[in-house]
Student: 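Below is one structure. I have some questions about it.
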Amino acid sequence: MFGKLSTRLLNICVCTFCKANRLEKAEAIIIDGIRLGVLPDVVTYNMLIDAYCQFVSFDAGYTILNRMREAGISPDVVTYNSLIAGATRNSLLSCSLDLLDEMLEMGIPPDVWSYNSLMHCLFQLGKPDEANRVFQDMICGDLTPCTATFNIMLNGLCKNRYTDNALRMFRGLQKHGFVPELVTYNILIKGLCKAGRLRTARWILKELGDSGHAPNAITYTTIMKCCFRNRKYKLGLEILSAMKRKGYTFDGFGYCTVIAAFVKIGRLKEATDYMEQMVTDGVQLDIVSYNTLINLYCKEGKLEAAYLLLDEMEKQGFECDKYTHTILIDGLCKAGNIKGARLHLEYMNKIGFDSNLEAYNCIVDRLGKDGKIDHAINVFESMEVKDSFTYSSMVHNLCKAKRLPSASKLLLSCLKSGVRILKSAQKAVVDGLRHSGCRREAKKIQSKIRMAKISH
DNA sequence: CTAGGGTTAG
């Protein structure tokens, strides 16, 4: 009896540290517990798995599975669900499916959450149809969807640009007596904000108020970010004040939103002010806040300060992620150190980052802007993966370098294959052709642009 | 213990 109670206490402590990404603390407490005769149970290991998957890597989480087996504890359905969720976060779909097989082999029947995680994974990988099929399977089978299932559906639909379907599903569920949770409202508000449908978002916000739920930090942050995106800075900052009054700025979310927004539009002084406020408020910095601040220093051209902060970050036990690397590479580019940027990119490859598209995009764009168009073309051609950003930037810079034939050729091939090109880049090609006397060519491109608009 | 908010490049 006493032993059971102690393990529950242990789990409460481990949970707190895991959620705060203090894994070494969590591990230390487990060791202390064992020394006092309080043994970790399946819940303890499940929490560790979730935390390692979230803050370190999927593999690190998976290693815990072996550790718990060695300790004589059998994994349960939550163990596998956490691992599936962990694989999901790392976009490892086949891994999620393998885990599902593995649990079946082990005689652990999947539950609602296994399917929830799988659905979530499919939505994240941009496969809404397959996610929907899992949902249908679930309804047809013995499993009853829970509120989280609906939240995952709504979120997935929104993230895959099916905002209308999400809204319709929400209304349908309400008709069937489904009582939305605060999370549900937050998901819908986020989706609507992202789709630029502010009026509907505000309407849902009003419904949230009428429902008896109080908006939380997540609701505020979402709305605030939406304000900034729509250049309503004053309103956004008012929301930040409201958050502060309610005591919701204990973490970096609100501050990072504000700082990043100001950095983006070049209002660095204000960004710095909010950075200082964040520090004064004693906000525990995590990887995202560090990234935000490093980005601020890079944009100010204070590379030294950026690298000092990077050191501090690593001393705190955080590892650079994709964002950190991209921010630094862009910082190096902006400072004119293309060679350093390329070296950093090589380093990224070496330490096993599978996707560094954003970093490549930074380099290509910066080379073009600096007038090194041939160099930019070289890097562009060496890229295995490209996106609309890459092409837009390249089209822009080719125009700038007066390489109009190449620019129009690239634009045309994008129009043909349905790659979205920034309007301003399209305009640059048409204007460029006109100014250099190729009016017929310009007309031709224009009509192709119009045709593409109709067919896509 | 598992879903929802914040960070990068035109």
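As a basis for the values below, the full set of heavy atoms in this structure was taken, side chains included, without hydrogen atoms, waters or symmetry mates. Convention: sequence-line order gives letters A, B, ...; per-chain numbering from 1.
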Student: Among B/dA9, B/dT2, B/dG6, find the nucleotide with the atom closest to the side chain of A/Ser289.
Tutor: B/dG6
Student: Determine whether more than 12 heavy atoms belonging to other residues, nucleotides or ligands lie under 6.0 Å from atom CZ of A/Arg202.
Tutor: no
Student: Are side-chain heavy atoms of A/Phe178 and A/Thr147 found at a separation under 4.5 Å?
Tutor: yes
Student: Which listed nucleotide (B/dG4, B/dG10, B/dG6) is nearest to the side chain of A/Arg366?
Tutor: B/dG10
Student: Using the side chain to side chain donor-acceptor pair (under 3.5 Å) rule, take A/Asp76 and A/Thr79 through it: C-alpha gap first, then chi angles, then the decisive distance, then the call.
Tutor: CA-CA 5 Å; A/Asp76 65 3; A/Thr79 316; 2.8 Å; yes
Student: Mind calculating the distance between CG (A/Asp111) and P (B/dC1) to the nearest angstrom?
Tutor: 15 Å
Student: Please work out if A/His120 contacts a base, only the sugar-phosphate, or nothing of the nucleic acid, heavy-atom cut-off 4.0 Å.
Tutor: sugar-phosphate
Student: Choosing from B/dG10, B/dA3, B/dT7, which nucleotide comes nearest the side chain of A/Ala148?
Tutor: B/dA3
Student: Under 4.0 angstrom, heavy atoms only, what part of the nucleic acid is A/Ile327 near: base, sugar-phosphate, or nothing?
Tutor: sugar-phosphate
Student: Can you find an N or O donor on one side and an acceptor on the other, under 3.5 Å apart, linking the side chain of A/Ser393 with the base of B/dG10?
Tutor: no
Student: Answer with base, sugar-phosphate or nothing: what part of the nucleic acid does A/Lys423 contact at a heavy-atom distance below 4.0 Å?
Tutor: nothing
Student: Look at the side chain of A/Asn216 and the base of B/dG5, then say whether one donor and one acceptor between them are separated by less than 3.5 Å.
Tutor: no
Student: Going by ring centres under 5.5 Å and near-parallel planes (under 30°), is A/Tyr255 stacked on B/dG6?
Tutor: no
Student: Grab the CG-C1' distance between A/Asp387 and B/dA9 for me, whole Å please.
Tutor: 9 Å
Student: Stacking between A/Tyr323 and the base of B/dT8 (centre distance under 5.5 Å, interplanar angle under 30°)?
Tutor: no
Student: It should be established whether A/Lys225 places a side-chain nitrogen or oxygen under 4.0 Å from OP1 or OP2 of nucleotide B/dT7.
Tutor: yes
Student: So does A/Asp251 reach the base of B/dG5 with its side chain, donor to acceptor, closer than 3.5 Å?
Tutor: yes
Student: Does CZ in A/Arg161 sit with more than 12 non-hydrogen atoms of other residues, nucleotides or ligands closer than 6.0 Å?
Tutor: no
